[in-house]
Amino acid sequence: MSAKIIDGVAIAKSVRAGIRDRAQKLQKETGVTPGLAVIIAGDNPASKVYVRNKVRACEDAGINSQTISFPGDVSEEELIAAVGKLNDDPAIHGILVQLPLPPHISVRHVLEAISVEKDVDGFHLYNVGGLVLGDTVFPPCTPYGVQKILEHEGIDVTGKNVTVVGASNIVGKPMALMLMQKEATVAICHAKTRDLTLYTILADILVVAAGHPNLIVPQMIRSGTVVIDVGINRLPDGSLVGDVDFEGVKEKAAAITPVPGGVGPMTVTMLLDNTVSAAERAAGRA
Ligand code: GUN
């Protein structure tokens with residue numbers, strides 16, 4: 001059996017059309033145009049590409065955006081002051097601080113300075129806490145994108161064994177919480193997990209966000225598993241691959257997301273979704 005290749009680009013396109021409609025409706029009915037501010041510090045090339053993609057996606061969705069760039073030697077106080085100004089700006093509904101930040105800056109201090117109503121990345125402690133309790137918050141964009149992909153493909157997670165490989169604050173941990181909220185049985189594996197296959201072989205759905213090319217090979221999964229590859233790894237030859245041996249695993253899985261063109265386009269899409277939600281809430285429409 002060869003897996004269905006899940007087309008993240010096509011799903012993102014259809015979800016973005018709905019987001020554009022919501023932005024237009026809000027504009028027409030309240031005069032409010034959703035606004036996103038992105039703060040970037042330093043010149044990490046990957047971060048610059050991500051920020052450019054986010055800004056371009058905003059334009060296409062009818063969301064105003066501004067990018068505020070700081071040099072790598074910016075102080076924590078300056079960054080927090082910039083966040084404070086955006087918190088007070090009624091034209092800005094979402095604030096995103098691109099990570100990683102330069103090492104002398106406390107990520108937590110900067111993220112906690114973001115108003116919880118504008119925390120469209122969902123990284124503020126308040127929103128993380130809301131996720132634990134199953135409250136309505138801004139879900140972090142990458143796991144939210146995975147959730148949308150599963151919904152779009154008609155894959156119900158209720159009662160399923162879902163193994164999440166990778167326990168990062170940005171992907172693995174929030175992903176596990178969101179799946180638990182949907183009543184999946186969740187196992188979380190990480191770099192210290194002794195026998196990874198023990199857990200991956202149990203999975204009806206496997207979500208991999210570990211940052212290791214070829215971590216998941218066909219012998220590690222059952223036939224018919226749904227495989228969601230969140231990894232993005234640049235190989236020495238310049239090519240982009242995920243964490244899963246795509247060519248091997250696709251012969252055994254029921255469905256699989258490719259890299260690129262799987263989860264990636266959905267991450268930015270859900271940032272747009274959260275930004276429009278923030279604007280709707282600010283306008284008393286949600
Ligand atoms: N760096 C890598 N992923 C992300 C993300 O989802 N949000 C932010 N702000 N920075 C990132």
Side-chain angles (χ1 to χ4, degrees), residues 8 12 15 35-58 63 65-70 72 74 76 79-80 82-83 86-87 92-103 105-116 118-128 131 137-149 164 166-178 207-212 228-234 240 242-243 259-260 262-275 277-278:
V15 175
L36 175 72
V38 180
I39 294 178
I40 177 167
D43 47 22
N44 180 316
S47 289
K48 283 182 166 173
V49 173
Y50 290 141
V51 168
R52 238 191 346 260
N53 287 343
K54 288 168 187 176
V55 167
R56 198 173 306 141
C58 280
I63 296 171
S65 70
Q66 56 172 280
T67 306
I68 304 169
S69 303
F70 289 96
V74 64
E76 193 172 298
L79 276 188
I80 289 174
V83 169
L86 295 166
N87 284 342
I92 294 298
H93 305 98
I95 302 169
L96 180 148
V97 177
Q98 185 64 32
L99 302 178
L101 287 173
I105 291 172
S106 156
V107 172
R108 280 264 66 95
H109 289 168
V110 176
L111 295 182
E112 291 345 317
I114 298 173
S115 157
V116 295
K118 299 190 179 189
D119 175 36
V120 287
D121 245 340
F123 293 165
H124 189 288
L125 281 178
Y126 178 91
N127 281 316
V128 176
L131 210 57
V137 289
F138 296 112
C141 301
T142 301
Y144 193 16
V146 172
Q147 189 181 62
K148 278 279 164 196
I149 286 175
V164 179
S168 70
N169 291 338
I170 292 181
V171 184
K173 287 184 202 167
M175 183 81 258
L177 288 166
M178 291 162 77
V207 181
V208 193
H212 290 286
I228 306 290
D229 190 352
V230 187
I232 303 178
N233 306 289
R234 180 81 62 187
L240 216 54
D243 290 349
V259 178
V263 175
M266 289 304 286
T267 295
V268 178
T269 302
M270 303 329 289
L271 171 67
L272 305 174
D273 180 283
N274 277 346
T275 303
S277 295

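Counting begins at 1 with the first residue of the sequence. Remember, it's 1-based here, ligands and their atoms both numbered in the order they're listed.
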* What are the atoms of ligand 1, with element, lying closer than 4.0 Å to any heavy atom of Leu96? ->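 Result: 9 (N).
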
* At a 4.0 Å threshold, what atoms of ligand 1 neighbour a non-hydrogen atom of Val97? -> 8 (C), 9 (N)

Which residue and heavy atom of the protein sit nearest [atom], plus the separation:
| atom | answer |
| --- | --- |
| atom 8 (C) of ligand 1 | Asp121 OD2, 3.2 Å |
| atom 11 (C) of ligand 1 | Gln98 NE2, 3.4 Å |
| atom 1 (N) of ligand 1 | Leu99 O, 3.0 Å |

* To do: Take every heavy atom of Phe123, measure it against each atom of ligand 1, and state whether any distance is under 4.0 Å.
  => yes

* Asked: Would a 4.5 Å heavy-atom cut-off, applied to side chains only, mark Met270 and Lys148 as touching?
  -> yes

* **Any side-chain donor near an acceptor of the partner, Tyr144 and Asp273, under 3.5 Å** => yes

* To do: Before giving the answer on side chain to side chain contact (heavy atoms under 4.5 Å, CB included), spell out for Thr267 and Leu271 the whole-Å C-alpha distance, their side-chain angles and the decisive distance to 0.1 Å.
  => CA-CA 7 Å; Thr267 295; Leu271 171 67; over 6 Å; no

* Does Ile170, backbone or side chain, put an N or O under 3.5 Å from an N or O of ligand 1? ->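 No, there is no polar N/O contact under 3.5 Å.
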
To the closest 0.5 Å, what do you measure between [atom1] ([X]) and [atom2] ([Y])?
| X | Y | atom1 | atom2 | result |
| --- | --- | --- | --- | --- |
| Ile63 | Lys54 | CD1 | NZ | 13.0 Å |
| Asp121 | Phe138 | CG | CZ | 11.0 Å |
| Ile68 | Gln98 | CD1 | CD | 13.5 Å |

